[in-house]
Participant: 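Mind having a look at this structure? Questions to follow.
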Amino acid sequence: MQACPYNPVQMPELPEVETTRRGLVPRVVGRTIQDVVVRDARLRWPVPRDLARHLRGAEVVAIRRRGKYLLFDLPKGHLLVHLGMSGRLTMVPDDRPAKLHDHVDVRLDSHESLRLNDPRRFGAVLWIGGAAEKHALLRGLGVEPFDPAFTGEYLHALARGRRVAVKQFIMNARVVTGVGNIYASEALFRAGIHPARPVGRISLERWNGLAQAIRDTLSLALDAGGSTLRDYVSATGEPGQFQNVTSVYDREGQPCRRCARPIKALRQGQRSTFYCTGCQR
DNA sequence: ACTGGCTCCTGAGGGC
DNA sequence: TGCCCTCAGGAGCCAG
């Protein structure tokens, strides 16, 4: 089974989105938006025509993350950005020529622009007037993996009576936000749970282990992302040198790092899953 | 209420 | 070398 041709470390999963957020804060928060340049409005949803009207003259008060959504808080609303699967947000000098797929620039009063590059255009740039939490894209989102409310009890209760496979369950943003395809396989390996196991047949104890495994998996990636922080927000946006090591993802046929049995692959909901038959039950 | 399948898009990689 | 085909991913949306 062929995995995504992109190096996993370059794909914006939650740790990469959070790393991007942290990198942007010191250079964007407190700045005033001077203008917006939209070169190609055809993202996941069209970039609103009146985006510049909403943003011009507004100060960025804060940058938050909800799941994989970035929220730029402005006095009268929010700029929502999603990186999809190939989006990059970088800070560039205002006079830097746009390259292929540089779809949107948000020009600040610091002679720098926040630039979105997104070859596959699965990303989104939207305006939210009013309370962000009430927006359709954010309203139904589940708990954040680092929220104290994300516990084995929470998962156990939500899974009660349901038959969906655990891997699809933890990738469901209505259950828990920010767990993408790569980290779903990795967390299940860490927790020793077979990805196809129906969620209604998982004990509370094992849910506790999985909640912790998800946090650990994301934390490790976040720490790694920290080492490439500069790269994520640099003028070039070049990926870092960090070598991402996965336990199971994209390792079909290779020996399990724990028990040496060959890693297996299967498809769940049009997505590739990787797991170890020896370590996961 | 759940669940599974479809969809958007581009670029990488394999086969010939 | 180069062309063509397939496939990967996030997640909203819809049908059953």
Side-chain angles (χ1 to χ4, degrees), chain A residues 1-18 20 39-47 65-71 80-89 99-104 116-126 128 132 134-145 155 157-187 195-202 214 218 221 237-239 244 246 248-253 265-274:
Chain A
M1 182 177 301
Q2 187 193 348
C4 179
Y6 279 84
N7 180 331
V9 81
Q10 296 181 45
M11 280 195 294
E13 292 229 31
L14 186 149
E16 288 72 27
V17 176
E18 176 61 19
T20 297
R39 296 183 197 82
D40 192 340
R42 298 171 304 160
L43 298 183
R44 165 106 203 232
W45 299 280
V47 178
R65 178 187 58 75
R66 182 75 174 98
K68 294 180 190 171
Y69 292 100
L70 283 170
L71 287 164
L80 177 147
V81 177
H82 196 289
L83 299 177
M85 73 160 288
S86 61
R88 296 275 181 283
L89 272 179
K99 291 192 284 204
L100 186 65
H101 307 310
D102 283 344
H103 303 316
V104 178
L116 175 73
N117 179 282
D118 186 6
R120 301 215 171 159
R121 296 197 270 116
F122 278 18
V125 175
L126 296 173
I128 301 177
K134 295 184 178 173
H135 190 269
L137 291 176
L138 306 175
R139 200 190 313 141
L141 290 182
V143 68
E144 288 284 326
L155 291 169
L158 215 58
R160 195 185 157 100
R162 294 173 66 172
R163 269 156 299 191
V164 69
V166 60
K167 194 230 184 190
Q168 287 164 283
F169 186 72
I170 61 172
M171 285 181 68
N172 181 351
R174 293 178 166 278
V175 175
V176 53
T177 60
V179 180
N181 198 46
I182 298 170
Y183 296 134
S185 282
E186 293 296 304
R197 177 168 286 272
V199 290
R201 295 186 45 238
I202 297 177
I214 289 170
L218 294 175
E238 294 298 321
N244 194 33
T246 60
V248 288
Y249 184 81
D250 201 19
R251 296 195 66 237
E252 183 178 13
L266 61 87
R267 285 194 77 77
Q268 297 179 286
Q270 345 286 70
R271 292 291 174 269
S272 55
T273 301
F274 301 88

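Here is the naming used below: chain letters follow the sequence lines, and residue numbers restart at 1 for every chain.
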Participant: May I ask you to say what A:R162 touches in the nucleic acid, namely base, sugar-phosphate or nothing, with a heavy-atom cut-off under 4.0 Å?
Facilitator: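 Touches sugar-phosphate only.
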Participant: I'd like to check, for A:F122, whether its ring lies over the base of C:dA11 with centroids under 5.5 Å apart and a plane angle smaller than 30°.
Facilitator: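 No.
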Participant: Applying side-chain contact (heavy atoms from CB on, under 4.5 Å), can you list everything that pairs with A:H103, at least two apart in sequence or on another chain?
Facilitator: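 Checked A:H103 against side-chain contact (heavy atoms from CB on, under 4.5 Å); matches are A:D40, A:L43, A:H101, A:D118, A:R121.
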Participant: Starting at CG of A:L141 and ending at C1' of C:dC13, how long is that distance when rounded to a whole Å?
Facilitator: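 Taking atom C1' of C:dC13 as the reference, CG of A:L141 is at 15 Å.
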Participant: May I have the distance from A:R42 (atom CZ) to B:dT10 (atom P), rounded to whole angstrom?
Facilitator: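 That distance rounds to 7 Å.
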Participant: For A:A157, check side-chain contact (heavy atoms from CB on, under 4.5 Å) against everything at least two apart and list the hits.
Facilitator: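 Result, side-chain contact (heavy atoms from CB on, under 4.5 Å) vs A:A157: none returned.
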Participant: Taking only residues two or more places apart in sequence, or in another chain, which ones meet A:R163 in a salt bridge (charged side-chain N to carboxylate O under 4.0 Å, His left out)?
Facilitator: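 Once residues adjacent in sequence are excluded, A:R163 has no partner under the salt bridge (charged side-chain N to carboxylate O under 4.0 Å, His left out) criterion.
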Participant: Just compare C:dG10, C:dG9, C:dG12 and give me whichever is closest to any side-chain atom of A:R271.
Facilitator: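 That would be C:dG10.
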Participant: Please report the shortest heavy-atom distance between A:I214 and A:P145, naming the atom on each side.
Facilitator: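 Residues A:I214 and A:P145, closest heavy atoms: CG2-CB, 4.2 Å.
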Participant: Who are the salt bridge (charged side-chain N to carboxylate O under 4.0 Å, His left out) partners of A:R65, not counting sequence neighbours?
Facilitator: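 A:E18, A:E144.
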Participant: Nearest-Å distance, CD (A:Q168) to C1' (C:dG12)?
Facilitator: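 Taking CD of A:Q168 and C1' of C:dG12, I get 16 Å after rounding.
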Participant: Tell whether A:R174 reaches the base of C:dA11 with its side chain through a donor-acceptor pair below 3.5 angstrom.
Facilitator: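 Result: no qualifying N/O pair found.
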Participant: In terms of the nearest nucleotide of DNA chain B, which residue is placed more toward the 5' end: A:H101 or A:R44?
Facilitator: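 Closer to the 5' end of DNA chain B: A:R44.
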Participant: Given atom CG of A:L43 and atom C1' of C:dG12, what is their separation to the nearest angstrom?
Facilitator: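 Interatomic distance, CG of A:L43 to C1' of C:dG12: 15 Å.
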Participant: Tell me what A:Y69 touches on the nucleic acid: a base, only sugar-phosphate, or nothing, going by heavy atoms under 4.0 Å.
Facilitator: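 Here A:Y69 touches the backbone only, sparing every base.
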Participant: Does a side-chain N or O from A:Y249 land closer than 4.0 Å to OP1 or OP2 of C:dG9, or not?
Facilitator: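 So the side chain of A:Y249 is within the cut-off, an N or O lying under 4.0 Å from OP1 or OP2 of C:dG9.
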Participant: Is A:R163 touching bases, backbone alone, or none of the nucleic acid, heavy atoms closer than 4.0 Å?
Facilitator: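 Since only primed, P, OP1 and OP2 atoms lie under 4.0 Å of A:R163, the category is sugar-phosphate.
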Participant: B:dT10, OP1 or OP2 - any side-chain N/O from A:R121 closer than 4.0 Å?
Facilitator: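 Checking A:R121 against B:dT10: at least one side-chain N or O falls below 4.0 Å of OP1 or OP2.
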Participant: B:dC8 P sits how many Å from A:H103 NE2, rounded?
Facilitator: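 That distance rounds to 17 Å.
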Participant: To the side chain of A:E13, which of C:dC13, B:dG11, C:dG10 is closest?
Facilitator: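 The nucleotide sitting nearest to the side chain is C:dG10.
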Participant: What is the distance, to the nearest angstrom, from the CG atom on A:L80 to the C1' atom on C:dA11?
Facilitator: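 Distance, rounded to whole Å: 13 Å.
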Participant: Can I get a per-line list of side-chain donor-acceptor pairs under 3.5 Å for residues 164-175 of chain A, giving both atom names and the distance, sequence neighbours left out?
Facilitator:
from, atom 1, to, atom 2, distance (Å)
A:K167, NZ, A:N181, OD1, 2.4
A:K167, NZ, A:S272, O, 3.2
A:K167, NZ, A:T273, OG1, 3.0
A:N172, OD1, A:R174, N, 2.9

Participant: Under 4.0 Å, heavy atoms only, any strand: does A:G269 hit a base, just the sugar-phosphate, or nothing?
Facilitator: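 Answer is nothing: A:G269 stays at 4.0 Å or more from every strand.
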Participant: Could you state the CD-P distance from A:Q268 to C:dG9, rounded to the nearest angstrom?
Facilitator: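 Spelled out: CD on A:Q268 to P on C:dG9 is 12 Å.
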Participant: So does A:Q270 get a side-chain nitrogen or oxygen closer than 4.0 Å to the phosphate oxygens (OP1/OP2) of C:dG9?
Facilitator: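 Answer is no, no contact under 4.0 Å.
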Participant: Side chain of A:V164 only, please: which of B:dG4, B:dT10, C:dG12 is the nearest?
Facilitator: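 The closest nucleotide is B:dG4.
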Participant: Can you measure from NZ (A:K68) to CE (A:M85) and round to the nearest 0.5 angstrom?
Facilitator: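 Reported to 0.5 Å precision, the distance equals 10.5 Å.
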Participant: Give the rounded distance in Å between these two atoms: CD of A:E186 and P of C:dG9.
Facilitator: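 To the nearest whole Å, that distance equals 13 Å.
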Participant: Taking five pairs at each end, how big is the angle between the two axes of the helix from B:dC2-C:dG16 to B:dC16-C:dG2, to 10°?
Facilitator: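 Computed from the C1' atoms at both ends, the axes differ by 50°.
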Participant: Using a heavy-atom cut-off of 4.0 Å across all strands, would you classify A:L137 as base, sugar-phosphate, or nothing?
Facilitator: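 Answer is sugar-phosphate: A:L137 comes under 4.0 Å of backbone atoms only.
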